[in-house]
Amino acid sequence: MAWSRPPVDPQWQPLMQEWRARQLEMAARVVERPLRPLPRLVAGADAALSPDKDWVLAAVVVFDRETRTVVETVHGAAKVEYPYIPGYLGFRESPALLDAFRKVRSPFEVAMFDGMGKAHPRRCGIAVQMGVTLDVPAIGVGKSRLFGTHREPGLEAGAVEPLWDRQDRIGAVLRSKDKVKPLYISVGHKADLETAVELVRACGLGYRLPEPTRLADREAARFKIGWAAPEPA
DNA sequence: GCGACAG
DNA sequence: ATCTTGTCGC
């Protein structure tokens with residue numbers, strides 16, 4: 001049976017209330033506009049947990065769409081401060097991601113995150129939080145749905161369906177390959193849904209996930225293997 | 001009141 | 001996210 005999910009520990013309720021307010025502020029700062037020409041340098045970002053579960057380990061891989069090569073790879077880490085709570089992923093993972101991004105030297109034009117952007121109850125998924133915080137173009141590419149409703153996309157690669165919240169189009173559901181679970185794409189910051197979907201398609205190389213995110217995921221996995229907690233000062 | 005619930 | 005081998009389907 002897989003029907004049970006650990007309820008949210010009541011001790012986090014005060015923080016969640018504060019987080020909700022901060023999410024509304026960040027969502028209000030989002031700039032939605034076309035991102036043209038389509039970016040050449042794309043920074044893919046992803047996070048993993050250390051073997052002992054005490055650290056969030058992040059990886060950012062800058063991918064050059066023209067040469068289809070990785071031009072830079074950086075890592076970041078931060079102690080786990082909060083549990084995973086649906087709707088508040090950004091507060092758990094952004095510290096490690098920000099630690100990694102501060103080391104990036106390449107002039108990437110957009111950041112791609114593993115998770116939601118506007119496709120969130122308060123329009124503030126991790127891609128919005130990171131995009132607004134870093135003030136860079138950003139989009140979210142999730143592997144499953146957090147929020148919103150949609151029709152099932154056709155089974156062929158390329159099929160897309162809008163993701164809705166009432167009358168609002170908050171994202172797109174894209175079948176990146178034949179008969180695989182679709183991807184949930186949404187705006188993070190300084191980009192619009194059309195260009196976000198185009199970019200994901202332009203970054204696909206035959207795998208379900210677009211290259212930037214796929215490489216970052218693989219890099220975060222590598223990083224965790226050789227991980228050793230920092231020396232106390 | 002009963003589910004649903006990114007990573 | 002993470003635990004985990006073989007196995008069903010194209």
Side-chain angles (χ1 to χ4, degrees), chain A residues 1-9 12-13 16 19-20 23 26-27 44-60 75-98 100 111-131 138-150 155-157 163-166 170-188 196 200 206-210 212-214 216-225 227:
Chain A
M1 292 143 251
W3 32 254
S4 70
R5 287 172 73 80
V8 179
D9 189 311
W12 304 112
Q13 293 306 325
M16 289 169 72
W19 286 342
R20 275 194 292 276
Q23 290 181 323
M26 292 188 272
D46 190 32
L49 285 179
S50 61
D52 62 15
K53 315 297 186 197
D54 289 344
W55 295 78
V56 175
L57 308 177
V60 173
H75 297 151
K79 274 195 169 176
V80 169
E81 298 288 328
Y82 318 107
Y84 164 66
I85 302 174
Y88 302 90
L89 177 67
F91 295 95
R92 174 176 161 93
E93 300 192 337
S94 63
L97 288 170
L98 290 172
M112 202 178 262
F113 296 90
D114 199 328
M116 306 304 156
K118 280 183 54 178
H120 177 281
R122 290 166 294 284
R123 306 293 187 272
C124 192
I126 193 166
V128 165
Q129 186 164 346
M130 289 297 297
I139 70 171
V141 180
K143 298 185 293 297
S144 62
R145 188 194 69 89
L146 165 67
F147 184 71
T149 59
H150 65 87
L155 298 179
E156 75 284 7
L163 178 61
W164 309 87
D165 172 18
R166 298 296 186 78
I170 60 176
V173 187
L174 171 69
R175 187 86 63 186
S176 54
K177 288 180 56 67
D178 287 2
K179 278 169 295 176
V180 296
K181 287 180 54 182
L183 261 27
Y184 291 78
I185 303 168
S186 55
V187 170
V200 171
Y207 294 90
R208 180 163 87 110
L209 299 180
T213 290
R214 192 180 74 80
D217 181 66
R218 173 183 139 313
E219 187 52 42
R222 278 197 53 222
F223 184 38
K224 80 183 295 182
I225 292 179
W227 174 255

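Proteins come first, then strands; the chains are lettered A, B, ... in the order of their sequence lines, and each starts at number 1. Basis for what follows: all heavy atoms, side chains included, without hydrogens, waters or symmetry-related copies.
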**Complete:** Base-pair string, DNA chain B, Watson-Crick plus G-U, cut-off 3.5 Å on both distances, | for inter-strand, is .......

**Message:** For a quick check, with a 4.0 angstrom heavy-atom cut-off, what is the B/S/- contact string for nucleotides 4-10 of chain C, read 5' to 3'?
**Reply:** ------S

**Message:** Please enumerate all residues that pass salt bridge (Lys or Arg N to Asp or Glu O under 4.0 Å) together with A:R218, with sequence neighbours excluded.
**Reply:** none

**Request:** Please identify each residue that fulfils side-chain hydrogen bond (donor to acceptor under 3.5 Å, both in side chains) with A:R208, with sequence neighbours left out.
**Result:** none

**Fill in**
Per-residue pairing states of DNA chain C in dot-bracket (Watson-Crick or G-U under 3.5 Å; . unpaired, | other strand) read ..........

**Message:** Holding to side-chain contact (heavy atoms from CB on, under 4.5 Å), I want the full list of residues that pass it with A:R145, two or more places apart in sequence or in another chain.
**Reply:** A:H150, A:Y184

**Prompt:** Do A:F91 and A:W12 make the cut of ring centroids closer than 6.0 angstrom?
**Reply:** no

**Fill in**
Nearest heavy-atom approach of A:L98 to A:M130 is CD2-CE, 3.6 Å

**Fill in**
Sequence neighbours excluded, the answer for salt bridge (Lys or Arg N to Asp or Glu O under 4.0 Å) partners of A:R92 is none

N/O donor to acceptor pairs below 3.5 angstrom from side-chain atoms of residues 111-124 of chain A, sequence neighbours left out:
unit_1: A:D114; atom_1: OD1; unit_2: A:K143; atom_2: NZ; d: 2.8
unit_1: A:D114; atom_1: OD2; unit_2: A:K143; atom_2: NZ; d: 3.1
unit_1: A:K118; atom_1: NZ; unit_2: A:E32; atom_2: OE1; d: 3.0
unit_1: A:H120; atom_1: ND1; unit_2: A:R122; atom_2: N; d: 2.9
unit_1: A:H120; atom_1: ND1; unit_2: A:C124; atom_2: N; d: 3.3
unit_1: A:H120; atom_1: NE2; unit_2: A:G87; atom_2: O; d: 2.8
unit_1: A:R122; atom_1: NE; unit_2: A:Q23; atom_2: OE1; d: 2.6
unit_1: A:R122; atom_1: NH2; unit_2: A:Q23; atom_2: OE1; d: 3.1
unit_1: A:R122; atom_1: NH2; unit_2: A:Y88; atom_2: OH; d: 3.2
unit_1: A:R123; atom_1: NH1; unit_2: A:H120; atom_2: O; d: 3.1
unit_1: A:R123; atom_1: NH1; unit_2: A:D165; atom_2: OD2; d: 3.3
unit_1: A:R123; atom_1: NH2; unit_2: A:D165; atom_2: OD2; d: 2.8

**Prompt:** Sequence neighbours excluded, which residues qualify as side-chain contact (heavy atoms from CB on, under 4.5 Å) partners of A:A78?
**Reply:** A:P95, A:A96

**Message:** Suppose the criterion is side chain to side chain donor-acceptor pair (under 3.5 Å): which pairs have a residue in residues 47-60 of chain A, not counting sequence neighbours?
**Reply:** A:S50-A:D52

**Prompt:** Are any non-hydrogen side-chain atoms of A:K181 and A:R175 less than 4.5 angstrom apart?
**Reply:** no

**Prompt:** Are A:K224 and C:dA1 close enough that a side-chain N or O sits under 4.0 Å from OP1 or OP2?
**Reply:** no

**Partner residues of A:E81 under the side-chain contact (heavy atoms from CB on, under 4.5 Å) criterion, sequence neighbours left out** = A:K79

**Asked** What string of B, S and - do you get for nucleotides 1-7 of chain B, 5' to 3', if B is base contact, S is sugar-phosphate-only contact and - is no contact with any protein heavy atom under 4.0 Å?
**Response** ---SBBB

**Asked** Where do A:W19 and A:Y82 land on the ring-ring contact (aromatic ring centres under 6.0 Å, His included) test, with the steps shown first?
**Response** CA-CA 12 Å; A:W19 286 342; A:Y82 318 107; 4.8 Å; yes

